[in-house]
Chemist: 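Quick one: the structure is below, questions incoming.
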Amino acid sequence: MQIWTRRHIPPGLRLLIGLLLMVAGLFGFLPVIGFWMFPLGVAIAALDVVPVCRALHHWWKGRRGD
């Protein structure tokens, strides 16, 4: 998902989409909008924020056991 997003969505728009998904994720109690949107928004916004991206990458590597 992140590779497709990085290739097809321009950098400024990725951050905006990520922020919008995080805000929509706060309304997860509604039927269509769910709590799943918040972590997806963080992952998409992290593509534009290098320190956050690196921290998520290190956390993911540690979680997988590599």
Side-chain angles (χ1 to χ4, degrees):
M1 174 72 177
Q2 288 185 357
I3 294 171
W4 184 90
T5 304
R6 191 178 297 255
R7 289 183 184 166
H8 292 91
I9 301 176
L13 189 59
R14 282 193 305 244
L15 185 60
L16 181 64
I17 289 172
L19 292 174
L20 288 174
L21 283 170
M22 286 189 276
V23 169
L26 296 175
F27 298 102
F29 57 89
L30 296 173
V32 176
I33 300 171
F35 292 113
W36 59 270
M37 296 176 118
F38 192 81
L40 181 64
V42 170
I44 291 174
L47 291 173
D48 286 347
V49 183
V50 176
V52 176
C53 187
R54 286 184 186 149
L56 286 175
H57 180 69
H58 289 303
W59 174 78
W60 186 255
K61 278 181 65 176
R63 186 170 183 172
R64 286 193 340 206
D66 289 345

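Values in this document were obtained by computation on a predicted structure and should not be read as measured data.
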Chemist: side-chain hydrogen bond (donor to acceptor under 3.5 Å, both in side chains): which pairs involve residues 17-30, sequence neighbours left out?
Modeler: none
Chemist: Quick one: which residue pairs count as a salt bridge (Lys or Arg N to Asp or Glu O under 4.0 Å) with a foot in residues 18-44, not counting sequence neighbours?
Modeler: none
Chemist: Show which side-chain atoms of residues 9-17 pair as donor or acceptor with protein atoms under 3.5 Å away, not counting sequence neighbours.
Modeler:
residue: Arg14; atom: NE; partner: Asp48; partner atom: OD1; Å: 3.0
residue: Arg14; atom: NH1; partner: Arg6; partner atom: O; Å: 3.1
residue: Arg14; atom: NH1; partner: Ile9; partner atom: O; Å: 3.2
residue: Arg14; atom: NH2; partner: Asp48; partner atom: OD1; Å: 2.8

Chemist: Scan residues 21-43 for pairs that pass salt bridge (Lys or Arg N to Asp or Glu O under 4.0 Å), counting only residues two or more places apart or in two chains.
Modeler: none
Chemist: What salt bridge (Lys or Arg N to Asp or Glu O under 4.0 Å) pairs are there with at least one residue in residues 31-40, not counting sequence neighbours?
Modeler: none
Chemist: How would you list all residue pairs meeting salt bridge (Lys or Arg N to Asp or Glu O under 4.0 Å) that involve residues 19-30, not counting sequence neighbours?
Modeler: none
Chemist: Could you go through residues 26-43 and list every donor-acceptor pair under 3.5 Å that involves a side-chain atom there, pairing it with any protein atom two or more places apart or in another chain?
Modeler:
none

Chemist: Report the residues that fulfil ring pair (Phe, Tyr, Trp, His ring centres under 6.0 Å) with His8, sequence neighbours left out, ordered by chain and then residue number.
Modeler: Trp4
Chemist: Hey, could you give me each pair passing side-chain hydrogen bond (donor to acceptor under 3.5 Å, both in side chains) that has a residue in residues 15-31? Not counting sequence neighbours.
Modeler: none
